[in-house]
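As structure tokens, the structure follows; a few thoughts come after it.
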Amino acid sequence: MNILSLLASATEGAAEHAAEHAPAAAHAAEAAGHAAEHDSPAAILMHHILDHPVKIWFTNIEIPSKHLMFIIVAALAVSIIVQLAKRRYKAGGVPSGAASIVETFVLYVRDEIAEKNIGHDGRKFTPLLCSFFFFILFAALIGLMPFTATPTSNINVTLALAAVSFVAQQYAGISKYGVGGHFHNLIPPGLPAWLLPIMIPVEILGMFTKPFALMVRLFANMLAGHIVITCLLMLIPLVAKVSAALGIVSIFIAIPLALFIMFLEVLVAFIQAYVFTLLSAIFIGMYAHPSH
Amino acid sequence: MDPATAIAPYTAAVAYGSAGLAAGLTIIGAAAGIGRLAAAAMEGIARQPNAAGDIRGAMLLAAALIEGATLFSLVVSVLLVLLK
């Protein structure tokens with residue numbers, strides 16, 4: 001959508017935009033400045049990756065946040081598909097279609113991620129890890145469709161996910177050893193006493209850097225793909241501003257490259273969902289089974 | 001002269017330049033790290049095809065950790081551009 005507007009400005013010139021504001025002569029310079037700022041590649045890139053209000057088509061309903069809307073869409077999509085799969089599963093027989101895909105992922109999360117890294121408590125954390133996995137996967141895949149946004153490319157959303165993961169990590173330790181035991185476990189056994197003033201702050205810092213790393217990793221991964229795709233597609237109007245013929249040539253370079261990054265993004269959606277789930281499981285396992 | 005006032009007229013240029021430099025340097029490090037990791041994993045799988053699944057899992061985890069460190073630096077360069 002934004003790329004189209006840049007294309008339009010490349011072909012028709014920004015004059016039209018400024019002309020709208022022309023009657024107020026005093027504001028003409030300001031309007032031109034605003035138009036230039038609004039149409040600059042950086043502004044378009046920012047518009048593409050930042051959160052902004054959206055209007056639903058053909059209605060007057062305005063949703064204050066696009067990312068919020070797509071969190072709800074992703075959550076609904078996960079719930080509906082998983083409920084459908086569950087119904088299919090309960091009906092008996094061999095699960096097919098969506099049910100077999102969901103079953104494969106759930107079994108993978110339970111056996112390969114939860115039980116391998118958390119051990120026998122793994123089953124207790126499987127629902128949480130499955131929620132992480134499916135939500136991150138659906139959010140990323142929905143964000144690849146046109147006119148949508150990836151909610152996980154907003155750092156506030158990944159902060160919330162990481163906070164849930166943090167609570168789960170602390171819960172794993174505290175529920176098993178009690179508050180005192182949990183904090184006692186942070187200190188490696190056999191540590192000389194004079195190291196304690198260094199190790200205690202480091203361990204408490206480590207407690208918070210784990211979810212922080214989860215937050216930044218997911219955020220930056222989801223953001224980076226969108227930035228790269230937008231930059232590649234913006235090459236076309238930018239080159240076309242210099243020369244129309246070169247612009248046509250750049251179409252054949254930019255679109256296959258953007259398509260390749262799109263394919264990569266599908267892969268990244270699965271890998272990041274896996275990595276977030278796996279690291280959450282490893283950190284939970286770390287607190288549930290401290291070294292002793 | 002105070003360095004902050006000396007570069008004041010060129011803040012945006014310095015920010016863009018250093019963001020680009022940071023991104024490029026980051027890629028060198030990340031490519032070297034992930035390349036070495038992938039080479040070692042391939043070698044491991046070639047020697048021990050039975051362990052391919054375990055090696056792949058460990059490789060993905062290590063790749064994610066390398067990538068995480070890389071992305072921290074890329075976030076810094078994005079911030080340089082945004083807050084120029």
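Chain naming here is simple, since letters A, B, ... match the order of the sequence lines and numbering starts at 1 in each. Values in this document were obtained by computation on a predicted structure and should not be read as measured data.
- The CG atom of B:Leu71 lies 9.5 Å from the CG atom of A:Leu223; values are rounded to the nearest 0.5 Å.
- To the nearest 0.5 Å, atoms CD (A:Glu112) and CG (B:Asp54) are separated by 8.0 Å.
- Contact annotation for A:Leu218: neither backbone nor side-chain heavy atoms come within less than 4.5 Å of a heavy atom of chain B.
- The number of heavy-atom neighbours closer than 6.0 Å to CZ of B:Phe72, taken from other residues, nucleotides and ligands shown, is above 12.
- Here the CG atom belonging to B:Leu60 is positioned 13.5 Å from the CZ atom belonging to A:Phe270, to the nearest 0.5 angstrom.
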Item to check | Evaluation steps, side-chain contact (heavy atoms from CB on, under 4.5 Å), between A:Val275 and B:Glu67 | outcome: CA-CA 11 Å; A:Val275 163; B:Glu67 199 192 38; over 6 Å; no

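- In this structure, no portion of A:Leu214 lies under 4.5 Å from any heavy atom of chain B.
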